[in-house]
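Before any comments, here is the structure.
In what follows, every chain begins at residue 1, and chains take the letters A, B, ... in the order their sequences are listed. Not measured: the values here are computed from a predicted model.
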2 protein chains.
Amino acid sequence: MSRKRFDTHNCSIAGTLELVGDWWTLLVVREAFFGSRTFTQFLQNLGISRNILTDRLEKLVEADILEKHYPKAQSQRAQYILTHKGKALLPVLVSMMQWGDQWVNEAGGAPVKLSDLQTGEHLRTMQVETENLKKLDLDQLAITPGPGASTSTLKRFE
Amino acid sequence: MSRKRFDTHNCSIAGTLELVGDWWTLLVVREAFFGSRTFTQFLQNLGISRNILTDRLEKLVEADILEKHYPKAQSQRAQYILTHKGKALLPVLVSMMQWGDQWVNEAGGAPVKLSDLQTGEHLRTMQVETENLKKLDLDQLAITPGPGASTSTLKRFE
DNA sequence: ATGTTTGGTTGCATAACGCAACCACATATG
DNA sequence: CATATGTGGTTGCGTTATGCAACCAAACAT
């Protein structure tokens, strides 16, 4: 049996995972954020198998998260560059990094630190909040159907 | 060959993915956020296979993201409840949901809407920013080794 | 007492992954 | 020019993960 698809779930989390939820995929995106561009750079920085990397790069290009560029016209040496859609994954990766810093790597401290390139200020911890900056925990959240809700989603959350 | 482990990467994103990066795992956590507690609730709301759900619930309990409770002492009918560590995944799921709303479900609109239970205010879009609320894009970010950096991480980012 | 729900386990078929070997093309070196 | 090295893959093979259906014991409902 083939792997089950997530894009039928009427849920944006499932839709996101359908694109980047594969094993290795988000780490390839992380590498792109860290500056990798060529096949060999991804290969060495990740320790991934070549065929898997080929597959993931292809799928990320197809998903419009990476773009395949050929810097020299006559050469087939490609570079993989983040698209606008790909760069928009930054909050996902940073919130994962902050969760990992706090709950996985608590002992040794954060392996990587992010800060403002200009001022050196460190990052604010990402949190769920209203536009008035009121922080919301899970039990303060109302979960209701949105404009794109299916009938089953409606039935569940109304 | 067995699946390659991510927890050797000296990266908190990889460490996070080692715990929740499996196929289905983050959707199980989403269901816990949406209120599912029993095996059958997860089963019906996700459309997941029973053996896979058994495996994921076990691993999430082992990772201290879910806790297995037995409401009635003499019964073995369990409930799976989010721990503090599990609830801390909220920013990860919300940033994924917002990315999916914007880039995957753009046409139909968001399937699910989150808001402040008390005031009804809707959520702020999650973004990477300094403590002064200055929004940072990828090219404004300095990526440097943290206190837990390995020698290879040091070499890469110094 | 009987049937139904719950929370699983087991077996089997298919898909995904990891590793090594191979290959064509491009570039560097002598 | 000849040879070596680097790049960006593809292919084959063995192992692991996933999906589905069937089965099952304990708990609960009638």
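Screening residues 105-131 of chain B for ring pair (Phe, Tyr, Trp, His ring centres under 6.0 Å), with sequence neighbours left out, gives no hits. The side chain to side chain donor-acceptor pair (under 3.5 Å) analysis of residues 90-100 of chain A, with sequence neighbours excluded, yields the pairs A:S95-B:S95.
The salt bridge (charged side-chain N to carboxylate O under 4.0 Å, His left out) search around A:K134 returns B:D116, not counting sequence neighbours. In this structure, the side-chain contact (heavy atoms from CB on, under 4.5 Å) partners of B:A32, at least two apart in sequence or on a different chain, are B:F42, B:L66, B:L82. With sequence neighbours left out, B:H69 forms a ring pair (Phe, Tyr, Trp, His ring centres under 6.0 Å) with no residue at all. For A:F157, the ring pair (Phe, Tyr, Trp, His ring centres under 6.0 Å) test picks out B:F34, with sequence neighbours left out. Every residue two or more places apart in sequence or in another chain that forms a side-chain contact (heavy atoms from CB on, under 4.5 Å) with A:S152 is listed here: A:S150.
When the P atom of C:dA20 is taken as reference, atom CG of A:N51 falls 12 Å away, rounded to whole Å. As rounded to whole Å, 13 Å separates atom P of D:dC20 from atom CZ of A:R5. Distance B:H69 NE2 to C:dG7 P: 15 Å, rounded to the nearest Å. Rounded to whole Å, atom C1' of C:dA26 lies 15 Å from atom OH of A:Y70. Here C:dA15 presents its P atom at 15 Å from CG of A:D22, a figure rounded to the nearest Å. Counting to the nearest Å, the P atom of D:dT10 and the CD1 atom of A:I48 are 14 Å from each other. Rounded to an integer number of Å, the gap from CG of A:L46 to P of C:dC19 is 13 Å. Rounded to a whole Å, the CZ atom of B:R3 is 10 Å from the C1' atom of C:dC17.
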What protein N or O atoms touch nucleotides 21-23 of chain C N or O atoms at under 3.5 angstrom, if any, and at what distances?
none

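Inter-residue side-chain proximity for B:L43 and B:I48 is flagged as met; some heavy-atom pair is nearer than 4.5 Å. Looking only at side-chain heavy atoms (C-beta outward), A:T54 and A:F39 come within less than 4.5 Å of each other. Proximity of B:R30 to B:L27: side-chain heavy atoms (C-beta onward) are separated by under 4.5 Å at one or more points.
Under the 4.5 angstrom side-chain criterion for Ile, Leu, Val, Met, Phe, Trp and Tyr, the cluster partners of A:L133 are B:L133.
Of the possible donor and acceptor atoms, one in the side chain of B:T38 sits under 3.5 Å from a partner among the backbone N and O of B:Q41. Using modelled atom types, one side-chain atom of A:N10 and one backbone atom of A:G148 make a donor-acceptor pair closer than 3.5 Å.
Within 6.0 Å of NZ in A:K85 there are more than 12 heavy atoms belonging to other residues, nucleotides or ligands.
Taking 4.0 angstrom as the limit, A:W23 places none of its side-chain polar atoms (N or O) nearer than this to OP1 or OP2 of D:dT16. Side-chain N/O atoms of A:K4 include none lying less than 4.0 angstrom from OP1 or OP2 on D:dA17. Between A:Y80 and D:dG9 there is a side-chain N or O to OP1 or OP2 distance below 4.0 Å.
Taking the nucleotide of DNA chain D with the nearest heavy atom to each of A:S2 and A:K68, the more 5' of the two is matched to A:K68.
Within residues 30-43 of chain A, the residues having any heavy atom under 4.0 Å from DNA chain D are, by residue number, A:T38, A:F39, A:T40. Of the residues in residues 52-60 of chain B, those with a non-hydrogen atom less than 4.0 angstrom from any atom of DNA chain D are B:I52, B:R56.
In DNA chain C, runs of at least 3 consecutive Watson-Crick or G-U pairs, each pair with both distances below 3.5 Å, span C:1-30 with D:1-30.
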